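Quick notes on the structure that follows.
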Amino acid sequence: MDWADELAQRVRDAGPQVVNDSKTPSGTVHVGSLRGPVILDTIVRALRANGVETTLLYGVDDLDPMDAQALLTADAVETEMGRPLAHVPDQEDDGHASYARHHAQTFIDTFAGLGIHPDRYYWMSDIYATGDLDPFIGTALDKAALVREIYRRVANVQHPDTWHPIGVICPTCGKVGTTIVTDWNGEQVYFECRKDLVTWARGCGASGWISPFGGAAKLPWNLEWAAQWSLFGVTIEPNGKDLSTAGGSRDRSDAIAREVFEREPPLNVPYEFLNIGGKKMSTSKGRGAAAHSIAEVVPPEQLRFLFMRHRPNHAIDFDPEGTDQIPRLFDEFDKFAAATAGREVKGELPPGYEATFRYSLLDPDADVAAEAAAFRPAFGHLAMLIQIPGVDIVERIEAEKGSPLTDRERALLDQRAGAARAWLETYAPESAKLTVQHDAVPPAAADLDQDQRAFLAHLAEAVERDGPASGDAWQASIFAVAAEDDVPGRRAFEAIYRAFLGRTNGPRAGWLLASLDPVFVRERAREASGWTDAAGPPGPLPVGG
RNA sequence: GGGCCCGUAGCUCAAUGGCAGAGCAGCUGACUCUUAAUCAGCGGGUUGAAGGUUCAAGUCCUUCCGGGCUCACCA
């Protein structure tokens with residue numbers, strides 16, 4: 001994870017930095033779209049860690065037109081489509097002043113949950129209203145011909161010769177997506193609210209001269225962006241590759257910044273996206289469910305870790321469905337933590353692992369050493385433990401740690417156990433799930449060797465004789481019978497797993513058996529052994545299911 | 001069509017231009033109490049292909065092949 005620190009080194013002597021990003025509050029936030037904010041936050045933390053005075057700004061583009069019909073109630077479509085999001089009523093009755101406020105709150109909360117805390121959120125509806133953007137609006141209109149030329153040259157977009165770079169909010173119907181400005185006299189613009197300018201919204205037909213200042217009109221996106229850079233003195237602004245492509249939005253805004261507003265644009269940090277199983281994350285293509293529920297299975301620190309451990313321009317392919325990628329993600333995280341705490345770890349560590357761990361932490365001011373040293377149970381192990389009935393997880397984990405858990409460790413355990421439960425319900429492969437085969441002897445029991453069958457038969461006897469009740473007692477019985485039969489412990493346990501779970505390995509067997517009905521255990525052990533009576537030779541093994 | 005990313009062990013990925021590596025999986029072995037743990041060991045490669053630069057190329061340049069994303073209306 002040298003990338004953020006390298007970036008910080010590069011701008012170290014360039015004075016205070018202003019890092020900016022913005023988002024249109026138009027709908028829900030999916031996991032893939034969180035890479036940008038995490039990168040943004042990581043850059044800010046790296047800058048500050050390198051002694052660079054840094055401000056993080058986050059813009060809410062709430063004057064953008066409403067264009068998502070699906071998120072409106074049926075009777076609101078006609079009146080609301082094309083109006084600024086800030087003017088659209090909240091479609092849910094939960095106390096927000098507008099549609100924009102509602103959805104902005106969603107992503108502000110999401111960011112906070114990821115430990116991302118901008119110094120300031122600014123709302124474009126407020127910024128326009130103050131008149132701060134008026135000088136930029138004036139300049140853009142004065143240089144309309146140049147703006148048209150830039151669009152043509154940089155992006156091959158051909159606007160009519162009368163086109164002016166401003167979107168009036170129609171004084172009659174309140175829509176901004178339906179208006180076009182065709183003239184400018186230095187004080188007012190001539191606008192038309194056209195019925196058919198765009199297919200997704202219908203204008204009212206109004207037209208006339210109007211002042212574009214003080215919040216009455218909005219700059220088109222590329223100009224608004226460049227104006228923000230000048231207004232706030234932005235020096236760094238990362239973009240997803242959808243904007244960073246050649247001739248794309250960023251190129252246009254860069255050119256407008258230089259040529260229209262005459263300021264060098266901020267440093268760009270283009271970043272790739274998060275793909276799910278090699279494919280784009282998309283609700284419409286059936287991958288949305290996967291994308292959405294990832295956040296429930298991957299806690300914030302692991303999600304930050306997932307996004308930042310690769311360079312921003314490296315596409316991340318995450319394929320949690322039926323794989324062990326989520327357990328691995330936890331394992332990697334734990335390895336970075338262990339190494340940061342100075343413990344020996346297996347395998348290699350990438351350069352900058354300590355910074356990766358530090359920047360993954362939710363709290364930017366966390367005690368890194370304490371966090372690194374905190375005891376974290378292995379995810380896979382935990383996923384198994386929570387499937388065994390009657391196991392006191394905290395007790396078990398404390399036994400493994402060798403001392404009581406701290407409050408923090410207890411919280412980490414609870415979070416991780418919750419994630420493990422969610423994982424088992426959603427993505428976990430069958431091989432991670434433990435199911436006691438109550439109905440019939442599993443097919444895997446057919447491969448039991450004679451010594452294992454004898455062991456099971458003798459275990460059944462021991463059950464009848466001793467009636468072990470606790471996990472410890474069961475464990476003792478297992479070892480006692482195995483020793484008596486001269487069966488290696490490993491083979492004895494395998495026999496139990498095959499007979500009860502239909503697999504060759506499993507959780508601590510004593511605890512597993514203790515959670516089951518003793519009669520069932522006895523009968524199943526005897527059945528799987530193939531011994532028709534305790535002393536007799538093995539017969540054919542009735543394998544079912 | 002333009003742009004970006006990727007292609008290295010079965011899988012996921014590392015390697016300031018300097019002896020191709022790790023994790024996981026696999027295999028072998030150890031273990032009378034964490035048995036999906038722990039420990040020891042083993043195998044595994046024409047680094048997508050072809051050229052070029054270099055004392056030296058997985059790495060830099062050129063051209064291909066393959067996969068993926070993205071843009072070309074708006075934001």
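All values below come from the heavy atoms of this structure, side chains included, with hydrogens, waters and symmetry mates left out. Each chain gets a letter, A, B and so on, in the order its sequence line appears, and its residues count up from 1. Nothing here was measured: the structure is a model prediction, and the numbers come from that model.
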* Assign A:P220 to base, sugar-phosphate, or nothing according to its heavy-atom contacts below 4.0 angstrom with the strands shown. => sugar-phosphate
5'-most contact on RNA chain B (nearest-nucleotide basis), A:E272 vs A:W163, goes to A:E272
Quick note, A:A315 side chain, CB onward, closest among B:rU70, B:rA72, B:rC5 is B:rC5
With C1' as the reference atom in both, quote the distance from B:rC60 to B:rG17 in angstrom, rounded to an integer. 8 Å
Sorted by position of nearest nucleotide on RNA chain B, 5' first, the leading residue of A:H314 and A:A246 is A:A246
Measure the acute angle between the ring planes of A:H159 and A:Y151, then classify it against the limits of 30° and 60° as parallel, tilted or perpendicular. perpendicular
With both pairing distances under 3.5 angstrom for Watson-Crick or G-U wobble, and | for a partner in another strand, the correct string for RNA chain B is (((((((..((((....[..)))).(((((.......))))).....(((((..]....))))))))))))....
I want to check something: taking the side chain as every heavy atom from C-beta on, are A:S98 and A:V88 in contact at a cut-off of under 4.5 Å? no
Looking only at side-chain N and O atoms, does A:Q228 offer a donor or acceptor that is under 3.5 Å from a partner on A:Y122?
yes
Test the A:R101-A:W123 pair against the cation-pi criterion, namely NZ or CZ under 6.0 angstrom from the six-membered ring centroid and within 45° of the ring axis.
yes
Work out how far the C1' atom of B:rU46 is from that of B:rG41, and round it to whole angstrom. 28 Å
Between NZ of A:K335 and P of B:rC13 the distance, given in whole Å, is 15 Å
With the side chain defined as heavy atoms from C-beta on, A:Q325 is closest, among B:rC74, B:rA75, B:rU12, to B:rU12
For A:R328, the salt bridge (charged side-chain N to carboxylate O under 4.0 Å, His left out) test, sequence neighbours excluded, returns A:D324
If the P atom of B:rC65 is compared with that of B:rA50, how far apart are they to the nearest Å?
15 Å
Checking B:rC74, B:rC33, B:rC69 against the side chain of A:H159 (C-beta onward), the nearest is B:rC74
Taking only the C1' atom of each, what is the distance from B:rU38 to B:rC6 in whole angstrom? 38 Å
Ring-on-base stacking B:rC69 with A:F273 (under 5.5 Å, under 30°)
no
Any non-hydrogen side-chain atom of A:P320 less than 4.5 Å from a side-chain atom of A:V297?
no
Next item on the list: Give a yes/no on whether any side-chain N or O of A:R35 is located under 4.0 angstrom from OP1 or OP2 of B:rC5.
Entry: no
Q) Do A:D5 and A:Y359 have side-chain N/O donor and acceptor atoms under 3.5 Å apart? A) yes
Between B:rG45 and B:rU8, how many Å separate the two P atoms, rounded to a whole number? 14 Å
To the nearest angstrom, the CZ-C1' distance between A:R250 and B:rC71 comes to 16 Å
Give A:N313 one of three labels, base, sugar-phosphate or nothing, depending on what nucleic acid heavy atoms sit under 4.0 Å from its own.
sugar-phosphate
Is A:H310 close enough to B:rU12 that one of its side-chain N or O atoms is under 4.0 Å from OP1 or OP2 there? no
Scanning both residues in full, the closest heavy-atom pair of A:V181 with A:F191 reads CG2-CB, 4.0 Å
Between A:N268 and A:E237: side-chain donor-acceptor atoms closer than 3.5 Å | no
Base, sugar-phosphate alone, or nothing: which one does A:I478 contact when heavy atoms must sit under 4.0 Å apart? nothing
>> Can you confirm if the NZ or CZ of A:R309 lies within 45° of the ring axis of A:W3 and under 6.0 Å from the centre of its six-membered ring?
In response: no
key: Sugar-phosphate, base or nothing in reach of A:R311, heavy atoms under 4.0 Å   = sugar-phosphate
Listing time: all N or O pairs from protein to nucleotides 24-28 of chain B that are below 3.5 Å?
{"unit_1": "B:rC24", "atom_1": "OP1", "unit_2": "A:K346", "atom_2": "NZ", "d": "3.2"}
{"unit_1": "B:rC24", "atom_1": "O2'", "unit_2": "A:R328", "atom_2": "NE", "d": "3.3"}
{"unit_1": "B:rC24", "atom_1": "O2'", "unit_2": "A:R328", "atom_2": "NH2", "d": "2.6"}

A:R152 atom CZ is separated from B:rA72 atom C1', nearest whole Å, by 17 Å
Determine the Euclidean distance between corresponding P atoms of B:rG68 and B:rU54; express it in Å to zero decimal places.
38 Å
Taking B:rG7 as the reference, what is the distance to B:rU12 when you measure between their C1' atoms (whole Å, please)? 14 Å
Between B:rC13 and B:rA72, how many Å separate the two P atoms, rounded to a whole number? 29 Å
Is any N or O donor-acceptor pair between the side chain of A:T245 and the base of B:rG2 shorter than 3.5 Å? yes
A:W221 CH2 to B:rC73 C1', in whole Å, measures 16 Å
In A:N222, A:D242, A:D254, A:N239, the residue satisfying side chain to side chain donor-acceptor pair (under 3.5 Å) with A:S249 is A:N222
